[in-house]
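Here's the structure, in structure tokens; my notes come after.
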Amino acid sequence: MFDIRLLREREPEVRAAMKARCVEVDVDALMALDGKRRSLISEVEQLKNERNTASRDIGIAKKAGQDASARQQAVRSLGERIKALDEEVRDVDEALHTGLLSIPNMPHASVPVGQDESANREVRSWGEKKSFDFDPKPHWEIGEALGILDFDRAARMSGAGFPLYRGAGARLERALIQFMLDMHVNEHGYEEVSTPFVCHSDATRGTGQLPKMAEDMYYIPADDLYLIPTAEVPVTNIYREEIIDEPLPIYLTAYSPCFRREAGAAGKDNRGLNRVHQFDKVEMVKFVEPKTSYEELEKLLKNAEDVLQRLGLMYRVLELCTGDLSFAAAKCYDIELWAPGQKAWLEVSSCSCFEDFQARRANIRYRNKKGKPVHVHTLNGSGVALARLVVAIIENGQGADGSVSLPEALWPYMDGCKRIERKAE
RNA sequence: GGAGGGAUGGCAGAGUGGAUGAAUGCACCGGUCUUGAAAACCGGCGAGGCGCAAGCCUCCAGGGGUUCGAAUCCCUUUCCCUCCGCCA
């Protein structure tokens, strides 16, 4: 959540930041609400103070056996005024809160300014585009021919965008999850968690998906539950409404399926596994002290890159510009894999620092050296997202005969299988 | 799903209409003592908001009500526990 104090104390900066993000924010209206809220509170608190004092006196008088009915009568009308004012405060509070919830985070000073993805800055790339002595095919052709992907049958039961993996395809999915979790736990120092895959709206608001992304989530009205669009939601909300008493930083990693309606994205880059309503992902989440959050972001990014390097897949790292930054992020790197069969880059990871934006919404704090409760900084990154990772493995590993060679790092996770080939007829 | 019982500070646990975040114990922090530690003793110790400040206001699971006044009485929601039923 946006901090109202930023607005009070650094109004010009806030206006500039929102302009850089290409977001319209009615700063004047919010400032007016803030002022009104404060003056109402002063007024009602003074009345409450009067009532408390009067009630105390009545109690003392009654104990002494005196009649206090006249004074009780007088205080009653005070109570009515308080009630009316309290309601007014609540209304203003709610309006202010709603307004603040809809303001995106302030971008970090290092974030390049720009309107859209064309202004994103390439930070580095790793590996080389693989060359083929034949015309490489897209994964949906290879996968269907191998019998490891079955889009038609999946669509019959669930509609388009829900993949069905079979045989070595299903095994590859499971192997990748295990491989990535093992790396993060054994080499990168994360604790593995396994979470609920549905969350209440308040949890979803905590990480910033609600209210803005409501249309992009699957919702179960009977139980007021959302299917998680990313493990970021349940994992970050583990410490919701808490003052964390464990030492920071805390590193958590989790596997989860992710559900996304992708409303408005129909027909766009959505062939095969490129953009699906359900995919698997291994996520990394950090809770850190504010002063360390940007070092932690770089480490997080490296952890995600490690996965891709181990798999020998060519990728590039982009630093998102102000206009392309997601709602809650202050800074964000995307990692894109090269998919030679489509001659396209596919986003498989997004590593973000939220500073205290999510922590403020979800009310996650720790005690600083002076013992005062302070909001933590939260970060998260995909480490990494499946479906598209599978796309890159298939398209990069394809041979002229339609088989797919697997990266060596996966062999132990595939029972020694090094290559997926057409089943003997 | 049915019946009953609960929810108080970091934890345990008093408090059932009248000053006050709220007895007590544990934990924690500071001090005395000690070569050092422990023990003992002394002191401190919840969160949020408004205010330049002094200070004031709010919070005893959430919401609503009764009252001059609610942790305490009433209604309601959520969660937990016990028993019964069902079940991977």
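Below, chains carry the letters A, B, ... as their sequence lines are ordered, and counting in each starts from 1. Owing to the predicted nature of the structure, the values given are computational and were not obtained by experimental measurement.
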Atom-to-atom span, [atom1] of [X] to [atom2] of [N] - whole angstrom:
| X | N | atom1 | atom2 | value |
| --- | --- | --- | --- | --- |
| A:Asp223 | B:rC79 | CG | C1' | 15 Å |
| A:Glu241 | B:rC59 | CD | C1' | 13 Å |
| A:Gln73 | B:rU67 | CD | C1' | 13 Å |
| A:Ile82 | B:rA70 | CD1 | P | 10 Å |
| A:Glu50 | B:rU58 | CD | P | 13 Å |
| A:Leu96 | B:rG49 | CG | C1' | 13 Å |
| A:Asp202 | B:rU78 | CG | C1' | 11 Å |
| A:Glu94 | B:rG63 | CD | C1' | 13 Å |

[N] versus [M] - spacing of their [atom1] atoms, nearest Å:
| N | M | atom1 | answer |
| --- | --- | --- | --- |
| B:rG69 | B:rC33 | C1' | 49 Å |
| B:rC50 | B:rA54 | P | 16 Å |
| B:rC75 | B:rU66 | P | 15 Å |
| B:rG62 | B:rU78 | C1' | 7 Å |
| B:rC60 | B:rA22 | P | 14 Å |
| B:rA37 | B:rG10 | C1' | 26 Å |
| B:rG21 | B:rU8 | C1' | 10 Å |
| B:rG63 | B:rC68 | P | 23 Å |

Nucleotide of [options] approaching [X] most closely (side-chain heavy atoms):
| X | options | value |
| --- | --- | --- |
| A:Ser42 | B:rA47, B:rU58, B:rC50 | B:rC50 |
| A:Lys62 | B:rU58, B:rG18, B:rG46 | B:rG18 |
| A:Arg38 | B:rA47, B:rG18, B:rG51 | B:rG51 |
| A:Arg8 | B:rC56, B:rC50, B:rG48 | B:rC50 |
| A:Lys48 | B:rC57, B:rC50, B:rG46 | B:rC57 |
| A:Arg56 | B:rG65, B:rA19, B:rG18 | B:rA19 |

[N]: pairing nucleotide in any strand, Watson-Crick or G-U under 3.5 angstrom:
| N | result |
| --- | --- |
| B:rA70 | none |
| B:rG21 | none |
| B:rA40 | B:rU32 |
| B:rC59 | B:rG46 |
| B:rC83 | B:rG2 |
| B:rA27 | none |

Phosphate OP1/OP2 of [N]: any [X] side-chain N/O under 4.0 Å:
| X | N | result |
| --- | --- | --- |
| A:Arg90 | B:rG63 | no |
| A:Asn49 | B:rC56 | no |
| A:Asn52 | B:rC57 | yes |
| A:Arg367 | B:rA47 | yes |
| A:Lys83 | B:rG65 | yes |
| A:Arg365 | B:rA47 | no |

Using the ring of each side chain (for Trp, its six-membered ring), is [X] parallel, tilted or perpendicular to [Y], with breaks at 30° and 60°?
| X | Y | answer |
| --- | --- | --- |
| A:Tyr219 | A:Tyr226 | tilted |
| A:Tyr190 | A:Tyr251 | tilted |
| A:His277 | A:Phe162 | tilted |

- Would you classify A:Ile41 as touching base, sugar-phosphate or nothing, given that sugar-phosphate means primed atoms plus P, OP1 and OP2, and contacts are heavy atoms under 4.0 Å? sugar-phosphate
Side chains of [Y] and [X]: any donor to acceptor distance under 3.5 Å?
| X | Y | result |
| --- | --- | --- |
| A:His184 | A:Thr253 | no |
| A:Ser256 | A:Lys281 | no |
| A:Glu187 | A:Asn303 | no |

- So, do A:Phe2 and A:Phe357 have ring centers that fall under 6.0 Å from each other? no
- Nearest-nucleotide comparison on RNA chain B, the residue closer to the 5′ end among A:Val44 and A:Ile243: A:Ile243
- So which one's nearest nucleotide on RNA chain B is more toward 5', A:Lys372 or A:Gly79? A:Lys372
- Item | From A:Glu173 atom CD to A:Leu389 atom CG, the distance as rounded to the nearest 0.5 Å | 8.5 Å
- With no angle test and no hydrogens, is the base of B:rG49 tied to the side chain of A:Glu45 by a donor-acceptor pair under 3.5 Å? yes
